[in-house]
There are 2 protein chains.
Amino acid sequence: MATIYEVSKLAGVSLATVSRVMNNNTPVKESTRRKVLDAMAQLDYRPNSIAQSLASNRSNSIGVLVSELHGPFYGAMLTGIEAEFRAAGKHVIITAGHSDLATEQDGIDFLQSRNCDALILHVEAVSDDYLLQLAAGDTPFVLLNRHIPAIADRCISLNNELGGYLATRHLLQQGHRQIAYIAGPMWKTDARDRYHGHQRALAEYQLTADPALFFEGDFRETGGSKGLESLLQSGKTFSALVCANDEMASGAITAARELGLNIPQQLSVMGYDNVNFAYYTYPKLSTIDYPISAMGQMAARWVLREVYQQESNEVQQLFEPVLISRDSVLAAT
Amino acid sequence: MATIYEVSKLAGVSLATVSRVMNNNTPVKESTRRKVLDAMAQLDYRPNSIAQSLASNRSNSIGVLVSELHGPFYGAMLTGIEAEFRAAGKHVIITAGHSDLATEQDGIDFLQSRNCDALILHVEAVSDDYLLQLAAGDTPFVLLNRHIPAIADRCISLNNELGGYLATRHLLQQGHRQIAYIAGPMWKTDARDRYHGHQRALAEYQLTADPALFFEGDFRETGGSKGLESLLQSGKTFSALVCANDEMASGAITAARELGLNIPQQLSVMGYDNVNFAYYTYPKLSTIDYPISAMGQMAARWVLREVYQQESNEVQQLFEPVLISRDSVLAAT
DNA sequence: TTGTAAGCGTTATCAA
DNA sequence: TTGATAACGCTTACAA
């Protein structure tokens with residue numbers, strides 16, 4: 001592999017000049033530039049990005065920490081992020097935090113030790129304080145799907161409370177009054193926010209959430225199926241169910257069918273996220289749209305703007321959920 | 001950020017000694033080691049991985065190129081890869097090839113320019129010749145889901161033909177004789193292999209594939225739905241359908257339902273891949289298990305063994321698909 | 001067992 | 001507009 005030194009020799013100029021034409025940040029005489037470019041082509045020269053990083057203190061790499069690498073939600077998010085950076089010639093180092101405190105902190109350490117220019121974090125276990133402290137350090141970062149007022153300028157988030165409200169209000173508007181709820185893990189902010197929205201909608205109809213109709217799931221299919229079974233066993237009747245995400249809704253629907261319940265005739269079900277497969281469940285899932293891919297893209301743009309000074313991009317930080325009405329909800333009889 | 005120099009000063013030893021305790025590759029007196037470790041702790045020293053890479057000519061990073069970042073298939077694959085590397089302290093740079101020739105080549109260039117120690121490639125558009133040439137270069141790489149005899153030692157693949165055979169044979173054994181087929185894009189090897197397996201199974205029953213019962217899809221839900229509609233319009237009757245992957249099967253099932261077809265009573269459906277959601281479709285999808293997460297893990301181990309000399313890990317390169325029988329297939333009447 | 005010093009391939013500061 | 005040359009933070013002969 002040719003080095004800048006060989007290029008400079010072949011072109012008959014100094015190292016510095018070669019560097020200048022590469023980075024074209026300093027004027028170089030056209031004829032000199034040509035000589036250098038020719039030499040580069042002739043040697044099939046590729047700059048060593050490691051050496052560039054060491055000298056310039058810039059790695060052109062962005063660390064991304066997500067809870068999981070699989071699942072429709074994270075997939076869409078990563079796609080949004082990678083596409084934006086790829087186009088900008090930056091690259092992404094991806095690691096998983098598994099919603100676990102130690103693993104998340106570890107992941108952040110790991111990414112920092114790789115000299116990332118910036119971090120995009122989708123963290124759940126780590127505390128606000130920890131992040132505040134991280135913000136005092138000198139690795140810039142954006143938070144995805146989390147809102148911390150003190151560093152609101154680094155947060156890209158969805159109004160989850162509103163989404164929770166919309167889901168339940170939809171059911172109420174369809175005449176349902178006994179509404180069960182399968183939540184995400186309640187230590188997660190988004191799970192709590194969604195549930196608060198649920199409560200607010202109920203309150204508007206002079207209703208309160210019945211603890212017997214509440215189940216805390218895990219945001220995964222099995223959480224939905226177990227949740228439904230448990231709710232049914234409570235003995236309380238309910239005509240509608242809201243699940244805090246689509247995966248649990250899918251699990252709940254499958255479990256309901258196995259128990260001989262007709263969806264939506266005997267039970268209306270709402271999901272949340274509008275992940276790709278929501279259209280392909282049976283019945284098609286009514287849900288709340290979470291524009292996670294766009295939000296990932298915005299996180300990338302934030303970095304491009306704040307860290308790499310690419311002013312061109314508009315960055316939207318606050319997103320609003322939208323109700324998607326499909327076939328899993330029926331008016332109450 | 002403290003450097004190795006400051007550590008050496010504080011510990012009262014030379015740079016080299018500090019380096020030695022970090023890499024513990026050379027014996028260091030226990031008391032010296034302690035002094036160094038203390039100094040490191042005191043300064044909260046973190047080695048600069050960029051400088052390490054430049055000096056050692058090792059980046060400790062592995063480039064991963066997959067077709068997409070989303071979708072259940074790639075999600076599982078990335079999870080398998082990342083978990084293995086994370087445990088080994090290596091990190092992954094992930095980029096997407098989108099099954100497009102230029103984008104894939106570009107991605108490979110990109111990863112090489114980042115000085116990856118090795119590459120894991122899930123490429124579809126790039127030619128065998130191109131890969132053979134790449135193999136002649138000096139960046140080691142493994143191929144996932146692709147088999148090229150000349151470099152078989154770098155390939156981790158599933159016997160896709162066998163899977164296709166198993167899927168169709170299952171239907172034949174259930175008494176089906178008119179079997180439609182929705183394929184993946186036929187320029188992709190795996191799509192072709194699966195189809196060949198289908199043909200072989202038919203041949204065993206003295207049948208041949210009917211072109212009117214063939215549709216070339218795109219491995220996505222919409223391919224399945226469009227495929228089913230198109231097959232139905234052909235006027236030919238069929239009692240079973242095999243789809244070359246689960247996503248198309250899901251799309252086909254949804255479309256069938258909309259057209260008033262009962263699954264599996266009026267139409268049996270087979271999928272392929274056994275992605276996570278296959279258990280949550282209605283009816284539960286009978287499919288062919290593709291252990292993609294394990295295969296991703298093996299690709300990672302291959303790298304660990306071949307590139308980082310970690311001999312400990314066994315690497316399995318050839319995988320066999322297995323039939324998963326669930327509810328979407330019924331015996332022919 | 002430890003220290004010295006020469007790289008690794010760039011960028012960036014100064015002069016010229 | 002160009003050239004010397006000192007960083008950047010570490011690894012690794014080679015000596016001691």
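Below, all heavy atoms of this structure are taken into account, side chains as well, without hydrogens, waters or symmetry copies. Every chain is numbered from 1 and lettered A, B, ... according to where its sequence line falls, protein lines coming before strand lines.
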Next item on the list: With heavy atoms under 4.0 Å as the rule, sort A/Ser53 into base, sugar-phosphate or nothing.
Entry: nothing
Notebook entry, point to check: Any side-chain donor-acceptor pair under 3.5 Å between B/Arg146 and B/Thr189?
Noted result: no
Check: Are the side chains of A/Thr103 and B/Arg86 in touch, meaning some heavy atoms are under 4.5 Å apart?
Finding: yes
Margin query: Looking at every non-hydrogen atom in both residues, tell me the closest pair between B/Ile4 and B/Ser19 and how far apart they are.
Written below: CD1-N, 3.9 Å
Next item on the list: Determine yes or no for a side-chain-to-main-chain donor-acceptor pair under 3.5 angstrom, with B/Asp117 supplying the side chain and B/Ser59 the backbone.
Entry: yes
Notebook entry, point to check: Can you name the residues that form a salt bridge (charged side-chain N to carboxylate O under 4.0 Å, His left out) with B/Glu30, not counting sequence neighbours?
Noted result: B/Arg33
Next item on the list: Check side chain to side chain donor-acceptor pair (under 3.5 Å) between A/Asn24 and all other residues, then give those that pass, not counting sequence neighbours.
Entry: none
Notebook entry, point to check: Do any N or O atoms from the side chain of A/Glu6 and from the backbone of A/Thr3 form a donor-acceptor pair under 3.5 angstrom?
Noted result: yes
Notebook entry, point to check: Does anyone know the first and last nucleotide of DNA chain D in reach of chain A, 5' to 3', at under 4.0 angstrom to a heavy atom?
Noted result: D/dT1 to D/dG9
Check: Do you know which two heavy atoms are closest between B/Leu318 and B/Gln316, and how far apart they sit?
Finding: O-NE2, 3.0 Å
Margin query: Looking at every non-hydrogen atom in both residues, tell me the closest pair between A/Ala125 and A/Leu101 and how far apart they are.
Written below: CB-N, 3.3 Å
Check: What string of B, S and - do you get for nucleotides 6-16 of chain C, 5' to 3', when a contact is any protein heavy atom under 4.0 Å?
Finding: -BBBBSBB---
Check: Through what angle, rounded to 10 degrees, does the axis of the helix from C/dT1-D/dA16 to C/dA16-D/dT1 turn between its ends, using five pairs per end?
Finding: 30°
Check: Who are the ring pair (Phe, Tyr, Trp, His ring centres under 6.0 Å) partners of A/Phe219, not counting sequence neighbours?
Finding: none
